[in-house]
Amino acid sequence: MSGPIVCNSTCNLLLTDQVQSLEIWKARISMDATVTISVFNSAMSTASVRVLVIRNDESPVEFSVPSGNTLSATVDAAESIIVFRIGTGRTEGKYFLDVCF
């Protein structure tokens with residue numbers, strides 16, 4: 001019997017007037033996924049980031065990351081992750097995903 005499949009990735013994040021939201025992850029297989037997402041919003045950002053994790057048949061998980069901060073959440077039965085810019089201005093940072101199937 002094999003163990004869980006784990007995928008890790010770190011990516012840059014940039015939200016502006018041209019790109020105000022972005023789907024950064026979507027499950028493309030039928031297995032349940034547990035996702036840990038950490039979002040860093042640079043102190044140079046002029047807007048906060050809202051993170052929305054859509055779940056299979058359950059309430060979504062949502063949190064906001066003010067500029068200069070990092071917040072994380074671990075969510076089971078994740079289907080997709082969308083990030084939104086709150087307010088106007090520019091949001092820069094990074095996000096880290098740890099996905100386990």
Side-chain angles (χ1 to χ4, degrees):
M1 186 169 260
S2 62
I5 301 169
V6 178
C7 303
N8 298 308
S9 65
T10 301
C11 299
N12 293 324
L13 177 65
L14 176 61
L15 300 172
T16 63
D17 287 336
Q18 290 75 31
V19 180
Q20 298 178 16
S21 67
L22 193 62
E23 183 177 51
I24 59 172
W25 181 82
K26 183 173 183 78
R28 302 239 185 243
I29 61 175
S30 60
M31 299 170 70
D32 276 347
T34 298
V35 176
T36 298
I37 178 165
S38 296
V39 176
F40 164 70
N41 189 1
S42 170
M44 302 299 284
S45 296
T46 58
S48 295
V49 176
R50 182 170 66 109
V51 179
L52 177 64
V53 183
I54 306 296
R55 301 166 68 190
N56 296 329
D57 300 325
E58 297 184 46
S59 298
V61 173
E62 192 171 352
F63 61 94
S64 296
V65 186
S67 61
N69 289 279
T70 302
L71 292 175
S72 301
T74 299
V75 181
D76 62 347
E79 263 184 21
S80 69
I81 301 172
I82 306 166
V83 292
F84 301 87
R85 184 188 68 184
I86 299 172
T88 60
R90 181 179 175 100
T91 302
E92 293 183 62
K94 293 188 179 289
Y95 64 89
F96 171 79
L97 290 176
D98 182 44
V99 182
C100 185
F101 294 97

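At least one side-chain heavy atom of Leu13 sits less than 4.5 Å from a side-chain heavy atom of Val83. Put simply, the side chain of Ile37 reaches to within 4.5 Å of the side chain of Leu97, judged on heavy atoms. Proximity of Thr74 to Thr34: side-chain heavy atoms (C-beta onward) are separated by under 4.5 Å at one or more points. In this structure, the side chains of Phe96 and Asn8 come closer than 4.5 Å at one or more pairs of heavy atoms.
Under the 3.5 Å distance criterion, the side-chain polar atoms of Asn69 are left unmatched by any main-chain donor or acceptor of Ser64. With hydrogens and angles ignored, the 3.5 Å screen pairs a side-chain donor or acceptor of Thr46 with a backbone N or O of Arg90. Without hydrogens or angle criteria, Ser45 side chain to Glu92 main chain gives a donor-acceptor distance under 3.5 Å. Between the Arg85 side chain and the Gly87 main chain, a donor and an acceptor come within less than 3.5 Å of each other.
Ile54 CD1 to Glu62 CD: the interatomic distance, rounded to the nearest 0.5 Å, is 8.5 Å. If you take CD on Glu79 and CG on Asn56, they are separated by 4.0 Å, rounding to the nearest 0.5 Å. To the nearest 0.5 Å, atom OG of residue Ser42 and atom NZ of residue Lys94 are 10.0 Å apart. Arg50 CZ to Thr91 OG1: the interatomic distance, rounded to the nearest 0.5 Å, is 12.5 Å.
The minimum heavy-atom distance linking Ser48 with Pro66 is given by the pair OG-CA, 3.4 Å. Considering all non-hydrogen atoms of both residues, Leu15 and Phe84 come closest at CD1-C, 3.7 Å. Residues Ala27 and Ala78 share a closest heavy-atom pair of CB-O, 4.2 Å.
Cluster membership check: Ile86 does not share its hydrophobic cluster with Val19, using side-chain heavy-atom separations under 4.5 Å among Ile, Leu, Val, Met, Phe, Trp and Tyr. In this structure, Met44 is not a member of the same hydrophobic cluster as Phe40, with clusters built from ILVMFWY side-chain heavy atoms closer than 4.5 Å. Both Val99 and Leu71 belong to a single network of hydrophobic side chains, linked directly or stepwise wherever heavy atoms of I, L, V, M, F, W or Y lie under 4.5 Å apart. Trp25 and Phe63 fall within a single hydrophobic cluster, where Ile, Leu, Val, Met, Phe, Trp and Tyr side chains are chained together by heavy-atom contacts under 4.5 Å. Following chains of ILVMFWY side-chain contacts shorter than 4.5 Å, one can reach Ile24 starting from Val49, so the two form part of one hydrophobic cluster.
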Checking Val51 against Ile81 for the side-chain contact (heavy atoms from CB on, under 4.5 Å) test, could you report, in this order, the C-alpha distance in whole Å, the side-chain angles of both residues, the deciding distance, and whether it holds?
CA-CA 7 Å; Val51 179; Ile81 301 172; 4.1 Å; yes
